[in-house]
Trainee: 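Structure provided below as structure tokens; questions to follow.
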Amino acid sequence: MEGDKHEIAIELFRDFHLDAEKLQLIVNQFMEEMKKGLDHEGATVAMIPSYVTGRPTGKEVGKYLALDLGGTNLRVIEFELLGNSEFKVQQEKYVVSDALKTGDMSELCDFIAECVGEFISKHSTDSEERRQLGFTFSFPVNQTAVDRGTLMHWTKGFSCANAVGQDVVVALQDAFHRKDIPVQVAALVNDTVGTLMANAYKNPKTSMGIILGTGTNAAYYEKYENITKWKHDELFEDMVINMEWGAFDFEHAVLPYTAYDNKLDRESINPHYQPFEKMISGMYLGEIVRNVIVSLIDRELLLSRTSSTVLNKQWTFDTAYVSAILDDTTDNLQKTGNLLEKILEVPIETSLSDRQCIQFICQLISRRAARLSACAIAAVLNSTNQIKNNPVVSIDGSVFEHLPHFEDQMREALADLFDDDVAKSVTFELARDGSGFGAAIIAMMAHKKQ
Ligand code: ADP
Ligand code: MG
């Protein structure tokens, strides 16, 4: 990079780099917040009991439906469990329009019920028997039974009216009744819990499930005696806890907020909420990169002061572009140049040093996300005494799957926090779209229990 680009690089490195000491502070704070969440309602990290206690054996058989809402698409899936840990799957995706995301809850539920009805008529092979459905609903829910839970607040661009404080299963079940579709919502499942259970079916050692996609969150098995807020009679050895970790650091106590993060937050539909999620998940990483680029243009330090209508607009820098730029190994960063000039419509020929600078920005922001993710994982594995016990962690999401070197960078952070042996001993298993399968498994377990 050229002269003033070198100065920028130093400045940006200072903004976005997290040293081992900082990582440790974050882990410590995270463990404190976990304890608070397990102790009382209303804590920042909600630590919601999922009512899921058992583990599947892999021998179960039967057909179960799963519904997945909260990612980019609505998905309806049917799993046929064949025993011996095997299954067949049929799936359809449906686009949830922005109007539905921000309209009334009953309209959203009607739409979902219609999609399920359509799926059943398309794929149905047997009787009109009422089907059991596991509903993956990836928003913070105050769960009150395996098939009951009220929405606490929306995240990830949803904001339907008449939903917060209401039972999500009742709302959806009502829609199935209205449309006369023979489906029983047997389980309400957070996608993290589903991701955990899906992998537990294949590998019983799995103790944690993580989403690193549009948003971020995690679930893990916690011992009965540590869930000090549990006031019901039901006893169990351990229960899956839906952490809602995206809310971590609501107090702004420890995360490394930059001006770019603050700008993103202010302009988001949920200012101040989900600060951890806003630093590590797919919905936001590209936007942080965009904020840095636009700011450097304004300071006359990048792209010869030339922006574009596309680049000036919020959310136009998809996190997939961050992956594409990081993957660009051409000599003169030709792919990065094309992306800037063709897709982001920057109306000049970008220089090599501009492209290098933008690649560097992408590196810093994705590496920060990986290191912050590792802090949260470390806090969970440490507080459950598993970190030295070859833990198996199930992960789903494009950020983990596609951002180049993300897993390596998580391990580097674990090595900074513990040592190389620990960093190597953690197994990350990609459970692509596993939450639906997990939800079907939980519906099956709940139905059998009845
Ligand atoms: P979801 O969370 O909706 O189930 P994903 O796990 O695919 O789905 O995550 C979607 C998020 O990941 C979006 O925010 C998108 O911008 C981002 N994304 C999509 N493709 C990539 C990619 N190749 N690299 C990094 N991020 C990506
Ligand atoms: Mg997903």
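Order of listing sets the numbers, starting from 1, for every ligand and every atom in it.
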Trainee: So, Asp191 and Ser138: side-chain donor and acceptor under 3.5 Å apart, yes or no?
Mentor: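 The criterion, which ignores hydrogens and geometry beyond distance, is satisfied for Ser138 and Asp191.
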Trainee: Is it the side chain, the backbone, both or neither of Asp318 that has a heavy atom closer than 4.0 Å to ligand 1?
Mentor: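 For Asp318, the contact with ligand 1 is made by the side chain alone.
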Trainee: How long is the straight-line distance from CG of Asp19 back to NZ of Lys22, given to the nearest 0.5 Å?
Mentor: 9.0 Å
Trainee: Return yes if a side-chain donor-acceptor contact under 3.5 Å exists between Asp396 and Thr195, otherwise no.
Mentor: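 On atom types as modelled, these side chains do not qualify, holding no pair under 3.5 Å.
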Trainee: Give the single entry among Glu287, His402, Arg75 that approaches atom 23 (N) of ligand 1 most closely by any heavy atom.
Mentor: His402
Trainee: Closer than 4.0 Å to some heavy atom of Gly397 - which atoms of ligand 1 meet that?
Mentor: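 Answer for ligand 1: 6 (O).
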Trainee: Give the numbers and elements of all ligand 1 atoms closer than 4.0 Å to a heavy atom of Gly213.
Mentor: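 Counting atoms of ligand 1 from 1, those under 4.0 Å from Gly213 are 2 (O), 6 (O), 9 (O), 11 (C).
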Trainee: Using a distance-only test with no angle check, is there a side-chain donor-acceptor pair under 3.5 angstrom linking Thr258 and Asp261?
Mentor: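 Indeed, the side chains of Thr258 and Asp261 share at least one donor-acceptor pair under 3.5 Å.
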Trainee: Heavy-atom contacts with Met283 under 4.0 Å: which atoms of ligand 1 show up? List them by number with element.
Mentor: 14 (O)
Trainee: Can you figure out which of Ser398, Gly157, Ser138 has its heavy atom closest to atom 19 (C) of ligand 1?
Mentor: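 It is Ser398 whose heavy atom sits nearest to atom 19 (C) of ligand 1.
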Trainee: What atoms in ligand 1 come closer than 4.0 Å to a heavy atom of Gly282?
Mentor: 14 (O), 16 (O)
Trainee: Is the shortest heavy-atom distance from the side chain of Lys205 to the side chain of Gln386 under 4.5 Å?
Mentor: no
